[in-house]
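Notes follow once the structure below has been shown.
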Amino acid sequence: MNLIINAIEEGLLFSIVSMGVYITYKILDFPDLSVDGTYPLGAAITAVLLVNGVNPWLAIIISSAGGAIAGWITAFLHVKLKISNLMSGILVMIALYSVNLRIMGKSNMPLFSTNTIFKNADFQPIFIIIIIVVICKIIIDTFLKTKRGFLLMAVGDNEQVVSSLGINKNSVKVLGLMLSNGLVGMAGAIQAQKYGYADVNMGQGIVVMGLATVVIGLTIFSKISFMKCTTISILGAIIYKVAIAIALKINFNPNDLKLITAIIVIIALASNNGIFKFKNKKNKERRRRKC
């Protein structure tokens, strides 16, 4: 039972990343690889602030702002310097590795002796995480109902139509990337406080895992019309983390987890693209011909 509870806790924490990835991948249709650098950026900023006695809640807010700035840089490279979206994310991700080292002054910074949002709290860590996730969900859901939110979805669907209406599509992309990376930076900050350390390598594979949670959520819950995108992201993250916890419990090799994650993403993406349905239709046609 403790295994499932811990997995749900990790899933809820990672769902903040999942919501951020959903904004770029599904809504904005922007493959943002800078997430791998933004995640440890949030952790690095929080670590330095906590060591210097800054309030842990304020540290999370500042870390979120740092992530948003990283998202702005990615958007700047893409919309102003006309660098492709994929390359913009890669360049920022590479640059943030050095930035994170500069911020912390070393590759790893322990936080066991510092004050965090989880120390001396009246609630269990899972309840604190639930409150944060619910607040993030409400903010995103509210934003997507605004004019800017509708424009964000419109740019992802057909940016030429948005431009024809006299609206600057580039400013909408900048806003979406800042919001996405701000959430990812927040998630990194909370994880650093939860597990008591910040590391420059803690962001490796985050974008793939985030994509996996989004795809899992979409594959399972996309047909439920009343379910919001934020709910799908949260449930997808929980299912992913529970599946990983069960795999480790049955003595699955931890070295293969990222490989399995990649395979899950491939299968889920192929399923969403109708590859397997196409094959099924072909098989049915062959059977009819044989008959």
- Query: Within 45° of the ring axis of F14 and under 6.0 Å from its six-membered ring centre, is that where the NZ or CZ of K241 lies?
  - Reply: yes
Would one find more than 12 heavy atoms of other residues, nucleotides or ligands at under 6.0 Å from atom [atom1] of [X]?
X: M227; atom1: CE; result: yes
X: K26; atom1: NZ; result: no
X: F143; atom1: CZ; result: yes

In terms of heavy-atom contacts, L91 and L77 come closest through CB-CD1, 4.3 Å
If only atom types and distance count, is the side chain of [X] paired as donor or acceptor with the main-chain N or O of [Y] below 3.5 Å?
X: S98; Y: I94; value: no
X: K119; Y: F112; value: yes
X: N85; Y: P31; value: no
X: Q193; Y: I117; value: yes
X: S15; Y: L12; value: yes
X: T38; Y: S34; value: yes
X: D199; Y: N108; value: no

Exercise. Go through I132 and C136 one step at a time and tell me if the side-chain contact (heavy atoms from CB on, under 4.5 Å) criterion holds.
Key: CA-CA 6 Å; I132 296 172; C136 291; 4.3 Å; yes
Examine [X] and [Y] and state if one hydrophobic cluster contains both, with Ile, Leu, Val, Met, Phe, Trp and Tyr joined whenever side-chain heavy atoms are less than 4.5 Å apart.
X: L86; Y: V214; value: yes
X: I238; Y: L248; value: yes
X: I61; Y: V17; value: no

* **Heavy-atom side-chain contact between L41 and N181 under 4.5 Å** => no
Requested in this report: Would you check if F221 and T231 make a side-chain contact, meaning some heavy-atom pair closer than 4.5 Å?
Outcome: no
From the list T213, T219, I220, side-chain contact (heavy atoms from CB on, under 4.5 Å) with I239 holds only for I220
